[in-house]
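Below is one structure, written out as structure tokens; the observations come after it.
In what follows, chains are A, B, ... by sequence order, proteins preceding strands, each numbered from 1.
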Number of protein chains: 2
Amino acid sequence: MTQSERNALRAWLDLLTASNAIKKSIDTALRTQFGVSISRFDVLSALDRAGPEGLRAGDLSQRLMVTEGNTTQVTAPLIRDGLVKRISSREDGRVAIFRLTRKGEKLFEKMADEHRSWVSDAFTGLSQNELAMLRRLLGKLKLPLDKEKRNAA
Amino acid sequence: MTQSERNALRAWLDLLTASNAIKKSIDTALRTQFGVSISRFDVLSALDRAGPEGLRAGDLSQRLMVTEGNTTQVTAPLIRDGLVKRISSREDGRVAIFRLTRKGEKLFEKMADEHRSWVSDAFTGLSQNELAMLRRLLGKLKLPLDKEKRNAA
DNA sequence: TGAAATAATTTTAGGATTAAAATATCCAGT
DNA sequence: ACTGGATATTTTAATCCTAAAATTATTTCA
């Protein structure tokens, strides 16, 4: 094992550990304060950004980088809880469109505030320059292009 | 939302995306070439490092940063496949000790080689200096100390 | 010594995720 | 209009993970 390989392994371990730890703390905080997991929060966030038009199931899945089956399942409890509405497209009967309800918007607004502050807190140790540097370095990683989704419009 | 908060959110998204993408590509490669998930690989790796003494279930869980219930479940198929052996401690009947079988050692050796090269590959875009810088920046993140495990020996 | 407290692990129930099979709808060409 | 193929989504079965309850074994101390 070369020194370079050893360093890559260490960096990978650090990266994974940091990411897991922050994710877990955000998930725990979201569940405690709002009863919503980070997965559900991500759905609400994507739908909030999409606005009143909502998003097709496929587009939602693509933005969240999860399978469509996953989207079906994660949205289910959000619909049950009245935070998200599922509408069948009138133009194309196959298409499912999801959008936030008024209740979902209200809740998301509160969650987003807290979420922002938790993330800020995790990164307070880094100056603005260091933050930019971190992003630049992450951008240099060779990330596998997911599937052949690249073709999709 | 301040500029600083916005930057933290962006950095967090980049961090999570990079970590997910690399993890997924390693998991896929491990499954394809060896029929072993990344979780199981992690168990094999910890046991390999522990050597012939093996590891107690609790210690294994702690090193992998997962719950003990998870360890019980992830080791089960490894035992079924003859890669790991579970032994009851003779000194303390409550304690379960896991260690690699000869077959497990052999397989892990091959997997570790490939794994090392995949990780190296993901980080090839970064110089040794950049790698060190990345680790330094990750070290500045405020990571939530997991539970009150800190007390444990 | 033996009951209660403690400790290590497993079991259970449920959420998140994926891949693959199933379903439902639309579209094209005849 | 009908059939075959493509497309969008849902369902199903499995893995991974957690928290909490249950189990099993040890230790303590009256």
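No option in A/Lys110, A/Met111, A/Arg116 other than A/Arg116 meets the side-chain contact (heavy atoms from CB on, under 4.5 Å) test with A/Asp113.
Salt bridge B/Glu53/B/Arg99: absent, no basic N to carboxylate O contact under 4.0 Å. Using a 4.0 Å cut-off between charged nitrogen and carboxylate oxygen, A/Lys106 and A/Glu109 do not count as a salt-bridge pair.
In this structure, A/Lys23 and A/Gly93 both approach DNA chain C, and ranking their closest nucleotides by distance from the 5' end singles out A/Lys23. Taking the nucleotide of DNA chain D with the nearest heavy atom to each of B/Ile38 and A/Thr28, the more 5' of the two is matched to B/Ile38. Heavy-atom nearest nucleotides on DNA chain D were determined for A/Asp92 and for B/Asp27, and the one closer to the 5' end corresponds to A/Asp92.
Heavy atoms of B/Gly69 sit under 4.0 angstrom from at least one base atom. Counting any heavy atom pair closer than 4.0 Å across all strands shown, B/Asn70 reaches a base atom.
In this structure, CG on A/Leu134 lies 7.0 Å from CG on B/Leu141, to the nearest 0.5 angstrom.
Every residue meeting the side-chain contact (heavy atoms from CB on, under 4.5 Å) condition with A/Gln3, not counting sequence neighbours, appears here in chain and number order: A/Arg6, A/Asn7, A/Arg10.
Across all their heavy atoms, B/Ile97 and B/Ser89 have their closest contact at CD1-CB, 4.1 Å.
Hydrophobic clustering (ILVMFWY, side-chain heavy atoms < 4.5 Å, transitive): B/Val36 and B/Ile79 are in one cluster. Both B/Leu126 and B/Leu137 sit in one connected hydrophobic cluster of ILVMFWY residues. Membership requires side-chain heavy atoms under 4.5 Å apart, directly or through other members.
Atom-to-atom, CD1 of A/Ile87 to P of D/dA8 comes out at 18 Å; the value is rounded to the nearest Å. For the pair A/Glu91 CD and C/dC27 C1', the interatomic distance rounds to 16 Å; values are reported in whole Å. Separating the CZ atom of A/Phe98 from the P atom of D/dA8 is a distance of 14 Å, rounded to the nearest angstrom. Separating the CE atom of A/Met65 from the C1' atom of C/dT18 is a distance of 15 Å, rounded to the nearest angstrom. In this structure, the CD atom of A/Glu68 is 13 Å from the C1' atom of C/dA19, given to the nearest Å. C/dA16 atom C1' lies 13 Å from atom CG of B/Asn20, rounded to whole Å. As rounded to whole Å, 11 Å separates atom P of C/dT17 from atom CG of B/Leu16. Here C/dG14 presents its C1' atom at 10 Å from CZ of A/Arg31, a figure rounded to the nearest Å.
Side-chain atoms of A/Arg94 come within donor-acceptor range of the base of D/dT7, with a qualifying N/O pair under 3.5 Å.
Within the structure, salt bridge (Lys or Arg N to Asp or Glu O under 4.0 Å) pairs that include any residue of residues 28-38 of chain B comprise B/Asp27-B/Arg31 (at least two apart or interchain). Screening residues 22-52 of chain B for ring pair (Phe, Tyr, Trp, His ring centres under 6.0 Å), with sequence neighbours left out, gives B/Phe41-B/Phe108, B/Phe41-B/His115.
If you check residues 39-57 of chain B against DNA chain C, the residues with a heavy atom closer than 4.0 Å are B/Arg56, B/Ala57, listed by number. Of all the residues in residues 71-86 of chain B, B/Gln73, B/Val74 reach under 4.0 Å from DNA chain D with at least one non-hydrogen atom.
For A/Lys24, no side-chain nitrogen or oxygen approaches OP1 or OP2 of D/dC17 to under 4.0 Å.
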**OP:** Run the numbers on A/Leu47 and A/Leu60 for side chain to side chain contact (heavy atoms under 4.5 Å, CB included), then give the verdict.
**Re:** CA-CA 8 Å; A/Leu47 293 182; A/Leu60 181 53; 4.2 Å; yes
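Within 6.0 Å of atom CZ in B/Arg80, more than 12 heavy atoms from other residues, nucleotides or ligands are found, so the atom counts as buried in its surroundings.
The overall bend of the helix from C/dT1-D/dA30 to C/dT30-D/dA1, read as the angle between its terminal helix axes built from five base pairs each, is 20° when rounded to 10 degrees.
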